[in-house]
**Student:** 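Dumping the structure here so I can ask a few things about it.
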Amino acid sequence: MTTSLSAALGRLPALVAGGGFAWWFENGQLEKLSPDAAARRARATPPLLVHAKATATRLGIEPFQAYDLLDLFAFVRPARFCLPTPHGLLARINLDAADDEEAVQYLHHAAQILLEDLPRQQPRALRRSMRLAQTLHRAGWPWAIYLLTALGPEATTVPSGGAGGLDIWQELPEWVDYAPPPPPDTQTVSPTEARERLARLLGTTSELRETQADYAATTAQAFAPREMLGMPELVLAEAGTGIGKTLGYIAPASVWAEKNGGTVWLSTYTKNLQRQLDHELDRLFPDPAEKQAKVVVRKGRENYLCLLNLEDATQGGAARPQDLVPLSLIARWAGATRDGDLAGGDFPAWAVDLHGRNRTLGLTDQRGECIHAGCQHYRKCFIERAVRKSRKAEMVIANHALVMIQAAMGEDDSQKPLRYVFDEGHHLFEAADSAFAAHLTGMEGVDLRRWLRGPEGGRRSRARGIANRIGDLVAQDERGKTSLEAVVEAARCLPGEGWLARIAEGNPIGQGETFLAKARQQIFARSPQPDSPYGLECPTKEPINGLIEAAQDFAAGIDRVLEPLNALTKSLGDMLADETAELDTATRSRIEGALRGLLRRKLELDAWRSMLLDLRTETPPTFVDWFGLERIDGRDLDLGLYRHYLDPMQPFAAAVLKPAHGVAITSATLRDIPPAKADAAPEAAWVSAEIRSGARHLPQPARRAAFPSPFDYANRTRVFVVTDVRRDAMDQVAAAYRELFLAAGGGGLGLFTAIFRLRAVQKRILRPLAEAGLPLYAQHVDPLDNATLVDIFRAEEHACLLGTDAMRDGVDVPGASLRLAVFDRVPWPRPDLLHKARKAAFGGQAYDDLLTRLKLKQAYGRLLRRAEDYGVFVVLDAQLPTRLLSAFPASVEVRRVGIREAVAETAAFLHGMRAGTGEQQNLA
Ligand code: SF4
């Protein structure tokens with residue numbers, strides 16, 4: 001087998017594309033080609049490569065057929081991590097290449113190692129692999145013939161079965177249900193207990209630092225019994241980088257959970273941070289079995305694979321050949337995954353980039369179409385398993401969005417969390433802003449219409465309408481049945497598929513589309529630049545002729561949906577109450593699930609109706625309303641009426657803080673100190689934290705504490721404001737980036753205030769950096785998701801990365817991989833209508849300054865993640881006001897210099913630090 005595989009693989013060429021040139025390896029010959037020459041060859045002969053889409057982007061062509069080793073890796077090693085680059089993949093199979101030139105010569109060997117791994121499986125998994133390989137062979141997947149060869153002669157004779165190996169649900173275990181746990185006790189956690197637990201967590205390998213122990217003891221106050229209804233024990237704790245805040249709060253949280261038999265929800269901002277937090281909990285539960293029982297990572301339902309969607313996609317030959325590859329990879333992964341999380345768990349994010357969202361993430365329960373116990377996979381369902389686990393876990397690792405949506409909608413969990421720790425607390429404001437907003441847009445309308453009516457016009461879709469999902473539940477109840485039919489009929493008022501084109505052509509159908517057509521007319525009439533390639537918006541005030549009438553018509557249409565929807569909800573509720581003795585558990589839970597789904601839609605429709613009717617008068621002062629059109633690169637995507645809370649922490653405080661018994665909100669950047677108040681009382685610095693955490697909406701003040709970072713910022717960082725680069729001359733900006741990145745020898749993070757600026761710089765510096773051996777990756781350019789880009793940046797010490805907002809404080813890269821951060825200009829807030837309203841409400845220019853200082857502080861904070869790190873921070877904008885410089889530690893001198901000096905000083909400082917002479921140079 002080895003010889004035949006090796007011979008067959010040897011006939012394939014291999015390709016690695018860098019920035020500005022590519023390496024081609026064929027028949028033992030290595031060539032360096034221009035992108036055009038490599039593209040011509042790749043189109044003529046499918047090569048072996050890693051990440052076909054990223055390679056095509058680097059060659060400047062459309063994706064082409066190839067033997068992508070990432071697909072092979074996903075098939076052979078499902079649910080295993082691998083960076084989607086040639087070096088990343090090679091490293092996973094212990095083949096380290098010094099550079100691209102060497103990497104391209106190792107690709108054949110990598111393929112052979114993976115293929116030889118394939119037969120080493122348990123007999124049952126092996127037979128399923130054989131069936132899948134047959135399916136993929138019929139679908140024409142290039143790798144299939146190699147899989148069949150590697151699996152041996154039996155692979156072609158094993159019966160393929162009806163589902164061709166895709167029916168992985170047959171092999172998944174069922175979850176186990178438990179009686180609901182009793183409420184937790186109310187025993188307190190003493191500071192000593194918190195300190196002792198921290199010492200135990202740190203063990204003998206790490207030193208117990210006094211500040212970290214103080215932080216743990218302070219956070220323990222959030223676990224005291226509540227004194228007053230509506231007032232949680234609230235602690236705001238700012239912990240500078242390096243304090244060790246994660247273990248610091250895990251310590252009291254774990255003591256409380258153990259002593260009281262309760263669950264603590266640890267919430268952070270991103271899925272990536274959830275993953276990091278999960279790793280930290282290994283210290284608390286070193287035994288994997290114990291951790292499995294006591295810790296659960298929870299995300300929204302829309303993250304998990306829905307087995308019914310998978311079955312629907314594969315059944316009766318429904319899958320098209322191009323869908324069979326991703327479906328097979330998902331089937332392989334579903335048999336190996338820890339928790340079924342497709343979006344950020346152990347399913348590779350690059351598989352989404354390679355095969356598209358529809359064929360991967362589209363298999364999650366994105367629209368809330370779950371039929372709960374009516375589903376034949378209910379007892380194996382990944383989502384239901386996670387929900388049940390979280391009810392008896394000691395620690396639930398959640399994210400802010402899930403916590404808020406759950407609190408706002410009362411979703412999923414009848415047992416509301418009582419104890420929270422919100423890490424990355426500075427993101428609570430924006431998380432609440434998005435969770436408590438209402439968007440009456442065309443896309444939202446289509447979504448709801450599909451949820452109610454199912455696919456229309458003979459469209460091929462996995463969507464199931466409400467009649468399909470719950471029709472049988474009300475079949476014997478005349479009132480329920482009539483209400484259901486009336487809901488489905490009335491939902492015709494909502495926009496339907498193709499709405500955007502229809503309204504652009506002036507042919508809207510129904511009340512929803514007529515209203516959106518009027519909204520569009522107002523947006524175009526009032527926007528200063530209607531032909532801008534980016535989004536447009538306008539106020540709702542002074543509506544154009546006919547808009548109010550269209551809004552009222554649409555509101556009346558929504559009323560006609562709401563009326564039978566309420567009746568249907570009542571019928572189902574009555575069924576639960578009146579038929580208690582007859583209903584089996586499965587039917588009860590189906591009805592409860594249906595009620596939750598209906599309630600969520602009712603809330604959405606109620607909000608839309610209010611927004612429409614409020615157009616007749618002034619917007620209520622709690623809200624900010626506007627019309628908006630989403631447009632990217634000149635392409636219109638969505639439009640409609642938007643409503644956000646002026647202060648989203650108001651609903652957050654009502655729905656999350658007040659019902660809780662104890663909450664700790666922590667971050668490295670909670671406070672803001674305006675320079676004008678440098679000598680004011682220390683409380684002044686907490687004002688912004690009180691506003692942005694929701695604390696000011698509680699009846700009593702929070703406990704507050706700040707723990708400064710132990711890092712030596714003065715000696716281990718430099719901050720330069722460059723004074724002679726014109727920030728709007730992109731050639732100058734790009735040249736500055738190029739020289740700074742070259743001076744640093746890579747390890748540079750470029751932060752941009754606009755996507756077009758990022759792209760303008762990327763295309764100018766890609767080649768010169770590549771020629772110097774520095775790979776460049778860029779958000780919005782490379783077809784890779786943000787988390788993957790950061791993973792690559794972390795792993796490749798000489799790589800540089802360009803990104804916009806998401807990269808500013810979502811990048812946790814300790815060590816030399818990040819040694820230079822460059823902002824393209826002052827990151828002022830975007831001056832949109834929502835910001836305008838908040839600026840007026842929260843202090844005018846001081847509010848702009850506050851947000852900008854926080855952005856600078858977060859970006860600067862990326863440089864030092866560990867005590868031994870060092871780095872340079874550069875802002876390419878002479879107009880950075882001095883009043884914003886308090887974003888940096890007081891001990892750090894901010895120097896305004898020309899670009900030549902910034903480049904020279906960057907090179908000298910980084911060189912000195914690397915050589916271990918930084919302190920001496922500084923003194924000199
Ligand atoms: S129970 Fe719901 S989410 Fe789970 S597999 Fe069935 S339909 Fe999908």
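Every number for a ligand or one of its atoms is a count from 1 in the order of the listing.
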**Student:** Has R600 got its NZ or CZ under 6.0 Å from the middle of the six-membered ring of W451, at an angle within 45 degrees of the ring axis?
**Tutor:** no
**Student:** Give a yes-or-no answer on whether the side chains of S589 and H372 include a donor-acceptor pair shorter than 3.5 Å.
**Tutor:** no
**Student:** Less than 4.0 Å between a side-chain N and a carboxylate O, is that true for D472 and R590?
**Tutor:** yes
**Student:** Please tell me whether W333 and F75 form a close aromatic pair, meaning their ring centres lie under 6.0 Å apart.
**Tutor:** no
**Student:** Using a cut-off of 2.8 Å, count how many protein N, O or S atoms are strictly closer to atom 8 (Fe) of ligand 1.
**Tutor:** 1
**Student:** Using distance alone, with no hydrogens and no angle criterion, decide if E430 and Y269 have a side-chain donor and acceptor under 3.5 Å apart.
**Tutor:** yes
**Student:** Without hydrogens or angle criteria, can the side chains of T263 and E394 be said to hold a donor-acceptor pair below 3.5 Å?
**Tutor:** no
